[in-house]
Q: 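Got a structure here, written out as structure tokens. Questions coming.
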Protein chains: 2
Amino acid sequence: MTSLSTPHHDPVTAKPRATMRHVAALAGVGVKTVSRVVNGEPNVSAATIAKVRDAARQLNFEPDIHAGNLRRADRRSQTLGLLVGSVANPFSGAIHRAVEDAAAEKGIAVFASSLDDDPTRERGIVSTFLRRRVDGLILTTASKSQGYLLPELEHGTPIVFVDREPVGVEADAVVSDNANGAAVATRHLIEHGHTRIAFLGDREDIWTMRERRRGYRDELGRAGISSNDAQVIGGIVDEQAARQAVDDLLASGNPPTAIFSSQNLITTGAIRSLRDNDAGHRIALVGFDDIALADLLDPAITVVAQNPQRIGALAAERVLAKLDGDTTADQTYVVPTTLIVRGSGEIRPNE
Amino acid sequence: MTSLSTPHHDPVTAKPRATMRHVAALAGVGVKTVSRVVNGEPNVSAATIAKVRDAARQLNFEPDIHAGNLRRADRRSQTLGLLVGSVANPFSGAIHRAVEDAAAEKGIAVFASSLDDDPTRERGIVSTFLRRRVDGLILTTASKSQGYLLPELEHGTPIVFVDREPVGVEADAVVSDNANGAAVATRHLIEHGHTRIAFLGDREDIWTMRERRRGYRDELGRAGISSNDAQVIGGIVDEQAARQAVDDLLASGNPPTAIFSSQNLITTGAIRSLRDNDAGHRIALVGFDDIALADLLDPAITVVAQNPQRIGALAAERVLAKLDGDTTADQTYVVPTTLIVRGSGEIRPNE
DNA sequence: TGAGGCGTTGATAACGATGTCACGGATTGT
DNA sequence: ACAATCCGTGACATCGTTATCAACGCCTCA
């Protein structure tokens, strides 16, 4: 056996990539001049620019942005790290898209990763971003504290939290009007005559879940509804669990007349259960976060809609502003939610 | 006025980032030894490893992956570029998620961008990826030819196309069973007694649209249905346009008894129009690509479902395999579609 | 006409990491 | 006991780019 080996892509056919040196040689100029042309720096003669452009085109030259970044004064990688719930989730997708649009305008590329509400993933992904020297971070978090980001903040990396407020660090955050939105939803149900309103919640350790539950409870309190009537069910991790939870509620001795489901997947699970149990027109439902085609269901689903586009756009705006030297004090930006009345939330008890 | 300036993040508070030299100095070893520890290379004493780890932790050291990449033999940036229709679109999101999962396993980060069916964007985004020296590319395309990628392919960069086949280059592609899926949908409608089946299509220059239309036409031909009965409407760019198109169809002198909508947003637009015109239970509808909650609508929507998870997973698998030296010949992988019968596709004419 | 300035250009060091290689000390084999 | 080997380690060159600075030629103005 010889020592011949093909460790990776076939080295026989692999053509080397053109560097500035190659371009410089072909154009008959120095590398620094190529650099000047590529970066649009002034004081290069038109003739030289043409020669260099030609050579670069011939060789399919693409500058190595990271090699440049190594020496460049501003050390910008033109890259952002984005961590969202899951890139497969429409809410996250809308945030991602808004961030991409803002970043693309400035030639900035975006790393996007999924958190899955897993603290370990959070740390790993952030580390992955940091090792790639992203210029800024937009993060949804799951860990108990984001104190580990302090050194990065001190270094000057702009960090903006989205969807959930951070713990253990001061930084910008962009979140939905969670407690108020939940209160509005709850009040809406109360105004339609309900007192037995169940709350279907996510995992206890998720900040948005606690905020929404707080809004729900506060509103019940304001209406003078006994907390005995509040059926708070937490720890619902997916659509199937939500379905089961509602099945159980309906089978219980004292079912609620209305349901407030505090999240996307939980809402669809609830819809399925209500449908299965033929209770869709009997039990009111208001969901937190809009769902696709909710207006075409029967009944159409009343929701408190979030504004993920706005959340993403605002987060990107803040990060980019900080990169441009903006020193506005860190704060939490609250993006309003909107009650969208469609039918399911206007069902009255005992109908 | 002094020459003091604050070009970017406040240089007064900006702490420098720790490099291997700093870690080496603190640990009292050479930089190469730090490199060995960080990369888990063998032949370092346990005591030295401990010293280095300690120092690295104290300084919050994160290695600069791109600086290393510059000198490293394999030149891997541990990064993939992914270009999809739009990161806000559930189909794209599912692909993205599958790619992310496969990549994350190997510590690879993913750049994700949206194409918006814009050839100019395609070129710009690919260039953006290339300048960042991604290890591989997974691309949805909009331009007439991908010939511009030839130099990159020759260089050995693995490229896999998703959703649409490339033109002008030979490369792996992972696509849905478009023509066949469309034929299955069409046959399904024919089997339920329809002959006047309208086709609602996307922009003409989109490969998937042409494939699906081909499947539709072929199937009509096989059934001996006159092409006069085929009402092909193309150039539908969004949901609103689809709605309008169906409104027009219904108002025409000779409306179809069934509709095959060849895409996601077009399907929802069609549903809305049918609903508005009170025709949902009279005119059959089969959509290409599944939509959320389709099973809860009235009627529930029959669709030919794609499998974006599978498409993404397969594309990622191919790219990663090529990175590992796999030299299987380039080919197009066809991911099967599935007819999901729910109700709207089983409505008979004249009901 | 000669000093000074400006526009254009390239040689060289440096960025933060890894590949190479050489060195010293410990271990092994005979 | 001595050579051969192996292990642990660090000095140095290097990857592709940009910052610095010096040099050159040409123009301007006194």
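Letters A, B, ... are given to chains in the order of the sequence lines, protein chains preceding strands, and every chain is numbered from 1. These numbers come from the heavy atoms of this one structure, side chains and all, not from hydrogens, waters or symmetry mates.
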Q: Could you tell me whether the phosphate oxygens of D:dG8, OP1 or OP2, come under 4.0 Å of any side-chain nitrogen or oxygen in B:T48?
A: no
Q: Can you check the A:L70 CG to C:dC15 P distance for me, whole Å?
A: 9 Å
Q: May I ask you to decide whether B:R318 forms a salt bridge with B:D330, counting only side-chain N to carboxylate O separations under 4.0 Å?
A: no
Q: Please report the distance, rounded to the nearest Å, between CG in A:D74 and P in C:dC15.
A: 16 Å
Q: Atom CZ of A:R21 to atom P of D:dT18: distance rounded to whole Å?
A: 13 Å
Q: Whole angstrom is fine here: how far is it from NZ in B:K32 over to C1' in C:dG19?
A: 6 Å
Q: How long is the line joining CD1 of B:I49 and P of D:dG8, in whole Å?
A: 9 Å
Q: Under 4.0 Å from any atom of DNA chain D, heavy atoms only: list the residues of residues 58-69 of chain B that qualify, in numerical order.
A: none
Q: Kindly calculate the angle separating the two end axes of the helix from C:dT1-D:dA30 to C:dT30-D:dA1, each obtained from five base pairs, and round it to 10 degrees.
A: 30°
Q: Less than 4.0 angstrom between a side-chain N/O of B:T33 and OP1 or OP2 of D:dT9, yes or no?
A: no
Q: Report the nucleotide, chosen from C:dC15, D:dT9, C:dT9, that has the shortest atom-to-atom distance to any side-chain atom of B:R36.
A: D:dT9
Q: Taking the basic N atoms (NZ, or NE/NH1/NH2) and the acidic carboxylate oxygens, is any pair closer than 4.0 Å for A:D74 and A:R72?
A: yes
Q: Looking at C:dT20, C:dC15, D:dA13, which one has an atom nearest to any side-chain atom of B:R71?
A: D:dA13
Q: How far apart are the C-alpha atoms of A:K51 and A:D54, what are their side-chain angles, what is the distance that settles it, and do they pass the salt bridge (charged side-chain N to carboxylate O under 4.0 Å, His left out) test?
A: CA-CA 5 Å; A:K51 276 192 300 183; A:D54 260 26; over 6 Å; no
Q: Between A:R123 and A:S127, is there a side-chain donor-acceptor contact under 3.5 Å, judged purely by atom types and distance?
A: no
Q: Within the 3.5 Å criterion, strictly below it, is a donor on A:R132 or B:T79 matched to an acceptor on the partner's side chain?
A: yes
Q: Atom CZ of B:R75 and atom P of D:dT17: how far apart are they, to the nearest Å?
A: 9 Å
Q: Only distances under 3.5 Å count here; give the side-chain donor-acceptor pairs of residues 136-144 of chain B to other protein atoms, sequence neighbours excluded, each with its distance to 0.1 Å.
A:
from   : atom 1 : to     : atom 2 : distance (Å)
B:T140 : OG1    : B:L83  : O      : 3.0
B:S143 : OG     : B:E122 : OE1    : 3.0
B:S143 : OG     : B:E122 : OE2    : 2.9
B:S143 : OG     : B:S145 : O      : 3.2
B:S143 : OG     : B:Q146 : NE2    : 2.9

Q: So, are B:K322 and B:D135 salt-bridged, with charged N and O less than 4.0 Å apart?
A: no
Q: For DNA chain D, which residues of residues 37-45 of chain A approach it to below 4.0 angstrom with any heavy atom?
A: A:N39
Q: Could B:D324 and B:K106 be called an ion pair, given the rule that one side-chain N must be under 4.0 Å from one carboxylate O?
A: yes
Q: According to salt bridge (charged side-chain N to carboxylate O under 4.0 Å, His left out), who are the partners of B:R133, at least two apart in sequence or on a separate chain?
A: A:D64
Q: Please report, rounded to the nearest Å, how far the C1' atom of D:dT9 is from the CE atom of B:M20.
A: 15 Å
Q: Rounded to the Å, how far apart are B:H155 NE2 and D:dG16 C1'?
A: 13 Å
Q: Are B:E152 and A:R17 close enough for a salt bridge, meaning some N to O gap below 4.0 Å?
A: yes
Q: Under 4.0 Å, heavy atoms only, any strand: does A:A73 hit a base, just the sugar-phosphate, or nothing?
A: sugar-phosphate
Q: Could you tell me whether the side chains of B:T328 and B:D326 share a donor-acceptor contact shorter than 3.5 Å?
A: yes
Q: Side-chain donor-acceptor pairs under 3.5 Å in residues 20-29 of chain B, sequence neighbours left out?
A:
from  : atom 1 : to    : atom 2 : distance (Å)
B:H22 : ND1    : B:T19 : N      : 2.9
B:H22 : ND1    : B:T19 : OG1    : 3.4

Q: Please tell me if B:S35 has a side-chain N or O lying less than 4.0 Å from either OP1 or OP2 of C:dT18.
A: yes
